[in-house]
Engineer: 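Quick one: this structure, given as structure tokens, is what I'll be asking you about.
Just so we're clear, the structure is a prediction, and the values are computed from it rather than from any experiment. Convention: sequence-line order gives letters A, B, ...; per-chain numbering from 1.
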Amino acid sequence: MFYYNPKDWLNAIFRITKSDTIRTLMPSLVFMALYSWGIVYLEVYYLKLSETSYAKDLTIMHSLLGFAISMLLVFRTNTAYDRWWEGRKLWGSLVNNSRNLAIKMQVYLPDDDQGTKTFFRQVIPLYAASLQKHLQKQSTKFQLDEKPHPELPDFKDNTHVPNRVAESIINKIYDLYKHKIISGDQLITLNEEMASFTNICGACERIKNTPIPFSYSSFIKKFIFLYVITLPFGLALTLGYFTIPVTTFIFYVLASLELIAEEIEDPFGTDINDLPMEKIADNINNNVKEILK
Amino acid sequence: MFYYNPKDWLNAIFRITKSDTIRTLMPSLVFMALYSWGIVYLEVYYLKLSETSYAKDLTIMHSLLGFAISMLLVFRTNTAYDRWWEGRKLWGSLVNNSRNLAIKMQVYLPDDDQGTKTFFRQVIPLYAASLQKHLQKQSTKFQLDEKPHPELPDFKDNTHVPNRVAESIINKIYDLYKHKIISGDQLITLNEEMASFTNICGACERIKNTPIPFSYSSFIKKFIFLYVITLPFGLALTLGYFTIPVTTFIFYVLASLELIAEEIEDPFGTDINDLPMEKIADNINNNVKEILK
Amino acid sequence: MFYYNPKDWLNAIFRITKSDTIRTLMPSLVFMALYSWGIVYLEVYYLKLSETSYAKDLTIMHSLLGFAISMLLVFRTNTAYDRWWEGRKLWGSLVNNSRNLAIKMQVYLPDDDQGTKTFFRQVIPLYAASLQKHLQKQSTKFQLDEKPHPELPDFKDNTHVPNRVAESIINKIYDLYKHKIISGDQLITLNEEMASFTNICGACERIKNTPIPFSYSSFIKKFIFLYVITLPFGLALTLGYFTIPVTTFIFYVLASLELIAEEIEDPFGTDINDLPMEKIADNINNNVKEILK
Amino acid sequence: MFYYNPKDWLNAIFRITKSDTIRTLMPSLVFMALYSWGIVYLEVYYLKLSETSYAKDLTIMHSLLGFAISMLLVFRTNTAYDRWWEGRKLWGSLVNNSRNLAIKMQVYLPDDDQGTKTFFRQVIPLYAASLQKHLQKQSTKFQLDEKPHPELPDFKDNTHVPNRVAESIINKIYDLYKHKIISGDQLITLNEEMASFTNICGACERIKNTPIPFSYSSFIKKFIFLYVITLPFGLALTLGYFTIPVTTFIFYVLASLELIAEEIEDPFGTDINDLPMEKIADNINNNVKEILK
Amino acid sequence: MFYYNPKDWLNAIFRITKSDTIRTLMPSLVFMALYSWGIVYLEVYYLKLSETSYAKDLTIMHSLLGFAISMLLVFRTNTAYDRWWEGRKLWGSLVNNSRNLAIKMQVYLPDDDQGTKTFFRQVIPLYAASLQKHLQKQSTKFQLDEKPHPELPDFKDNTHVPNRVAESIINKIYDLYKHKIISGDQLITLNEEMASFTNICGACERIKNTPIPFSYSSFIKKFIFLYVITLPFGLALTLGYFTIPVTTFIFYVLASLELIAEEIEDPFGTDINDLPMEKIADNINNNVKEILK
């Protein structure tokens, strides 16, 4: 992720970034332009349909369905953004949790127990780092897939590293409790921090391995396709060659919204819009190092 | 569930999966096409209504109500998706809770108490498995129905298996507490995990046995039916035989949205869009086996 | 409540249930049809307004306001459904809470203390039953009304039964604690279950005694009325006698949405869409009996 | 607040209550009617613009912006209602919390400690009463205002009464703990009730002293004004004198939605739509008196 | 922030505040007016396109996309407002938390331990003050940016002051526990207040350093730009010189919504709409001083 200036309009409008939808869509946009040209040529110059042809009013259908397609795309946008923002919240909780655990251990541990302090100084940031790797593994993505994936490089080695790290944290805390370095009351105050790591990991996995229901994803694409492919039939007689940019632009808008949603709904990748997990893990490392000493 | 690639447009557009709405709707679509043909024939060729007939502007009604029907369908889509996603979240919590309980038991139990470890290694995954079976039983679905259902195969045997499993878990933990293997402070740190199983089960049951209010479900269907059935009257004079694909397509879109919502709102079945409960239960099993040893 | 099959379209479309809005609206629909007929007769046959009369374009107003009225109705639908679903969630929590308390008491109580077990076996389902009665009392509905209601049958006897039951549960648990049958740590693990009953009851009361602000309820009705009453003026010259079904249908849709919302927003009644509180209380009874023995 | 019957349509439509928006808007509606009349006279009778004048199609702008203004008003409606409902929820929590604390104190306190019981019997309802007064003070409203308000009657005396009451409750509980009347475990079970009072008060203050951002409030008003003021220019040539009621009605709808939102978004006043805080405080008093004896 | 009167329409409509979007947009509005004039001149007076030219119906595109752009802007408005309101809630929690901690310390500490009381009297408000400074530092904003920012004045000194303050609070509380001034039960009742500070800080940082995904921000701007830039082509033949105010007004509305969203989505700045953090910190200071004495 890079921090962009939301008030820089010129840049936003005219700069085509690497992941801009216009790049991905370019071949389809060209195809749509050619296709529209074909329909216009056919209707207006070849068949010479008059202005009173029934075909002229076909756009009624697109008006009546305009609401439905817009709302569906906003539904798509909302759910995709919600996942992205939930992912961000989860990594925010990870920061909070790491900080709180570090502060508590710094306070609870005797000043001279450098060994244990070093342990927590290393193991707390390790959780964030291992969670990042875990989420970017292919096998995490296909965790709930019914098809087997022997082609995945990490298919065999499916040790759940974050769980291991969480276990070692809880183990160490319990050890301190068993040796009376922390009291039972203190153990209780650490309970939430202990459980929180695993809860965050599970929620991230859920976002990663469960895209929105296939029915919606597939229906929205079918709907956009049929909507746009039928557009030039009605527009050709009204707009002539203007049909070409109009159809292409409408297709660009509808397909872009779907494309962005697709990219946003999995926030744990390496795209420009994905969450800066590495940066956050770095910050956790810095914070913990600053606190525990 | 199978993990689909959200970026594969060609597949999404052209592949007709087993549960595609176009399959379910095919007979209705054929009927709608025939019906539209009938209306067009009647108005244009039989009655020979002129272009200035009052009937021509009937589409005003469909324009004015276009907002209402679209919004109602988006309301339907949102509530259905919310249930589906809540179901997914609940099973995610089940994963987290199982992992946390396993980690804590692994840490709290003495290394040589293999008996108790084996107990938890078996009973934690058992909860997920029994919850899956419980949710797929017919008697769970009709739990709140006022009509009796003696025809159900599991009508007699209505033991609540997940409750039994939860009870045995809590019982064992209390046993450990009574025999001083875990302390009172540790019992408190296990409290949330103990209650969580039953809370998750209850929430899943709620989603399963309570569809959205019958009034809405019924009104939306009535509305779609009346909306589409009156469409060709107005369109026939404007679009001629183009009325047939237009009406059919609008019907396809509206009915598909309702159909998908119906399928999604009960996420605990065995459809392609339903939650991969078996896979999740498997993962819980693997995780717990990896942790508790 | 009866469990309906959401996939049964024919039934939903053609069966007119007891609480169908078309029944309630029938007189108004007849009035609206007659009224529209009157306007059409007046404009077209009596005044013989020509097609170029200014009146013809009055529908512009209805187009411009079509968005607003649809959105307002969806706002109404969303808030009503949210209350209904929140009510369902609350009764779901009651199930979970009752089960959890029963499981814990079954585990915590000595096997031979049949007296206390019998107490909980009876008093836990009693809470659900008393809450149902409490919510269906007229005096609960008018709890926050500024006008006095001496006409209510239960005006005098305003003992808050659910509070009493909750008190007796907490009292018994504290008694067990005082007599060292349960330890302090166990008392803490029971804390959430103790407070939960009263929280659920308070939240249900809130839904029951607070309809959406009168301003909105009244404005929406005024808006629907003025919108529909002015419709035939503009439509008469365009649609002729078709104005009658069109106006009536639009009125049917708008008024139905408001009517359903009214019914749904108070989910604690005895309508077909209301929550099956009795059934849920029965299930709690069965579950508790199965657990506590 | 008075409890209205949501199913009484006639009353809702024809009764003009004291706070009805039509009263507040009357002068503006009259102005708008006169203004529209002026524009119609100017365009149609003075300038005698023909039907083919460019001015005729100005309504295109209002169509294109119709979506935007409707959605903005629904955004306004949603946020205002959310605040109102959140306020209601907070006072509901206050009821729950007061009841729970009363039940626990009734159970925990020895039967003969009438002094302490009397203390809680008085101080718990006092919190609700003092919170009501606190929220209705002018100084609470302007708490975050950057301008000084020496004109406020309660400017000097800014003691935070609810905080004082909360402190005395916590103080008494701690006292009981110090004198071993309640144990440490019991203190822990009272923790949530202790913190809850202050949390509720803070959340109410937040709703009271923070209206929605000035930018939105101001932009929506500007937008409505410009939208309505330009309406007659386009409509005059199409609708003639019908422009007058049409413009006035559209203005009535848009302004009403904004007016209601303004009234609802601060639920802690004394309007007809505001929360019945006094009534709720009364109920708390009755409940606590019934429980603690 | 200044508290405005939401019912003052005249002020809202006619007063142009410092941060009014019309100021920021003025150059663009002027450009848009000139650009529209150019297109009208070109089409109507230079090319003399007839009314039957294909260009006349280009507005169809703007109608079809009108839904999409409005919904996208409402999506933008909703997410921006949600962040703003979440920020306000977080600072509200900070108030509650500070008050609760102060009340508890006042009650728990012996009357004569003025030293510790003075410590908390100073350090609790210090948290709010340091959090404000932390959120307004440039380095907090660019925390997750991948580009280095050596130009920032606070680049070097990246000590996390709020963490330090939180640590000193927790340290002091633990100290009191170690010296038996507060008991283990009391430590547990203070646990939530201890963790809360860090959680609030982390959530504020999340809002500050994560704007909505660049794809959306950039796509919305591109869409507005292309939508408005193509408007005059279609309108010129229909509206003549009226195209100029119409295009400018539509641009004003669309761009204003985006501009306001941009300003609102980062609520921790010093704009007129930003949260009054200094005022809230002041209030915390006053409250704590009043409580702890």
Side-chain angles (χ1 to χ4, degrees), chain C residues 54-55 57-58 60-61 63-68 70-72 74-75 79 141-147 158-160 163 166-167 170-171 174 177 184-185 187-188 191 194-195 198-199 201-203 205-206 209-219 221-223 225-226 230 259 262 265-266, chain D residues 1-4 6-7 9 12-13 17 19-21 59 62-63 66-67 70-71 73-74 77-78 81 84 88-89 92-93 95-96 99-100 103-104 106-108 183-186 188-189 192 235 238-242 246 249-250 253-254 256 260 263-264 272-273 276 279-280 283 287 290-291:
Chain C
Y54 280 140
D57 285 314
L58 266 175
I60 288 181
M61 183 179 81
S63 284
L64 288 177
L65 290 176
F67 312 98
S70 301
M71 283 179 167
L72 215 53
V74 166
F75 162 72
T79 53
K141 193 172 173 180
F142 295 113
Q143 226 171 18
L144 302 183
D145 197 355
E146 272 166 6
K147 283 173 295 186
N158 50 14
T159 323
H160 196 293
N163 274 358
E167 195 191 321
I170 296 181
N171 201 17
Y174 178 60
Y177 169 69
D185 304 316
L187 182 72
I188 292 173
N191 188 35
M194 290 193 287
T198 306
N199 291 340
C201 169
E205 283 178 15
R206 162 168 55 79
N209 63 27
T210 317
I212 72 157
F214 180 66
S215 292
Y216 281 119
S217 178
S218 147
F219 178 69
K221 287 183 187 111
K222 283 196 171 85
F223 192 2
F225 176 74
L226 289 170
T230 53
L259 273 184
E262 278 165 16
E265 79 171 339
D266 170 12
Chain D
M1 199 189 88
F2 74 97
Y3 188 95
Y4 66 94
K7 304 196 177 169
W9 283 60
I13 292 173
T17 61
S19 70
D20 206 289
T21 56
T59 321
H62 298 95
S63 284
F67 312 98
S70 301
M71 283 179 169
L73 284 171
V74 166
T77 301
N78 276 325
Y81 175 78
W84 184 84
R88 181 64 189 86
K89 277 186 176 162
S93 304
V95 173
N96 300 345
R99 283 179 186 168
N100 266 329
I103 293 180
K104 283 189 183 163
Q106 164 69 11
V107 167
Y108 287 175
S183 69
D185 305 316
Q186 288 174 308
I188 293 173
T189 66
E192 212 181 291
L235 294 178
T238 322
L239 292 179
Y241 280 122
F242 288 118
V246 167
F249 184 50
I250 291 179
V253 168
L254 301 181
S256 287
I260 300 179
E263 200 193 317
I264 298 296
I272 199 180
N273 290 307
K279 204 81 192 166
I280 298 179
N283 285 351
N287 287 158
E290 200 190 318
I291 293 166

Engineer: Counting heavy-atom pairs under 4.5 Å with chain D, which one of Leu72(C), Asn163(C), Thr79(C), Leu187(C) comes out on top?
Structural biologist: Asn163(C)
Engineer: Using a 4.5 angstrom heavy-atom cutoff, name the option from Leu235(D), Leu73(D), Ile264(D) with the most pairs to chain C.
Structural biologist: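 The option with the most such pairs is Ile264(D).
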Engineer: Determine whether a donor-acceptor pair (N or O, by modelled atom type, separation under 3.5 Å) exists between the side chain of Glu263(D) and the backbone of Ile260(D).
Structural biologist: no
Engineer: Counting heavy-atom pairs under 4.5 Å with chain C, which one of Asn78(D), Ile103(D), Asn100(D) comes out on top?
Structural biologist: Asn100(D)
Engineer: Heavy atoms only, distances under 4.5 angstrom: which of Glu192(D), Gln106(D), Lys89(D) has the most pairs with chain C? Name it, please.
Structural biologist: Lys89(D)
Engineer: Please find the pair of heavy atoms, one from Pro213(C) and one from Tyr81(D), that lie closest to each other, and give the distance.
Structural biologist: CD-CE1, 3.9 Å
Engineer: Does the plane of the ring in Phe249(D) sit parallel, tilted or perpendicular to the ring in Phe223(C)? Use 30° and 60° as the thresholds.
Structural biologist: perpendicular
Engineer: Answer with side chain, backbone, both or neither: which region of Val74(D) has an atom nearer than 4.5 Å to a non-hydrogen atom of chain C?
Structural biologist: side chain
Engineer: Any idea which heavy atoms bring Arg99(D) and Cys201(C) closest together, and the distance?
Structural biologist: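 For Arg99(D) versus Cys201(C), the nearest heavy atoms are NH1-SG, 3.9 Å.
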Engineer: Looking at Ile212(C), Ile60(C), Thr230(C), which one has more heavy-atom pairs under 4.5 Å with chain D than the rest?
Structural biologist: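 Result: the option with the highest number of such pairs is Ile212(C).
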Engineer: Can you say whether Leu65(C) sits under 4.5 Å from chain D via the side chain, the backbone, both, or neither, judging by heavy atoms?
Structural biologist: side chain
Engineer: Please look at Ile170(C) and chain D and tell me whether the side chain, the backbone, both or neither of the residue comes under 4.5 angstrom of a heavy atom of that chain.
Structural biologist: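 The answer is both parts of Ile170(C).
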Engineer: As an exercise: rank Lys104(D), Gln186(D), Met71(D) by heavy-atom pairs under 4.5 Å with chain C and give me the winner.
Structural biologist: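 Most heavy-atom pairs within the cutoff with chain C belong to Gln186(D).
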Engineer: For each of Leu239(D), Val95(D), Ile250(D), Asn283(D), tally heavy-atom pairs with chain C at distances under 4.5 Å, and name the one with the top tally.
Structural biologist: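 Most heavy-atom pairs within the cutoff with chain C belong to Leu239(D).
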Engineer: Mind ranking Ile280(D), Val246(D), Thr59(D), Thr189(D) by heavy-atom pairs under 4.5 Å with chain C and telling me who comes out on top?
Structural biologist: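 Sorted descending by pairs with chain C, the first entry is Thr189(D).
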Engineer: Calculate, to the nearest 0.5 Å, the distance between atoms CG and CD1 belonging to Asn191(C) and Ile188(D) respectively.
Structural biologist: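 With rounding to 0.5 Å, CG (Asn191(C)) is 9.5 Å from CD1 (Ile188(D)).
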Engineer: Work out which heavy atom in Asn96(D) is nearest to a heavy atom in Gly202(C); give both atom names and the distance.
Structural biologist: OD1-CA, 3.1 Å
Engineer: Is Asn209(C) reaching over with its side chain to a backbone N or O of Glu205(C), donor-acceptor style, under 3.5 angstrom?
Structural biologist: yes
Engineer: Test your reading of the model: is there a side-chain donor-acceptor pair from Asn273(D) to the backbone of Phe214(C), 3.5 Å cut-off?
Structural biologist: yes
Engineer: What part of Ala203(C) gets closer than 4.5 Å to chain D, counting heavy atoms only: side chain, backbone, both or neither?
Structural biologist: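 Backbone only.
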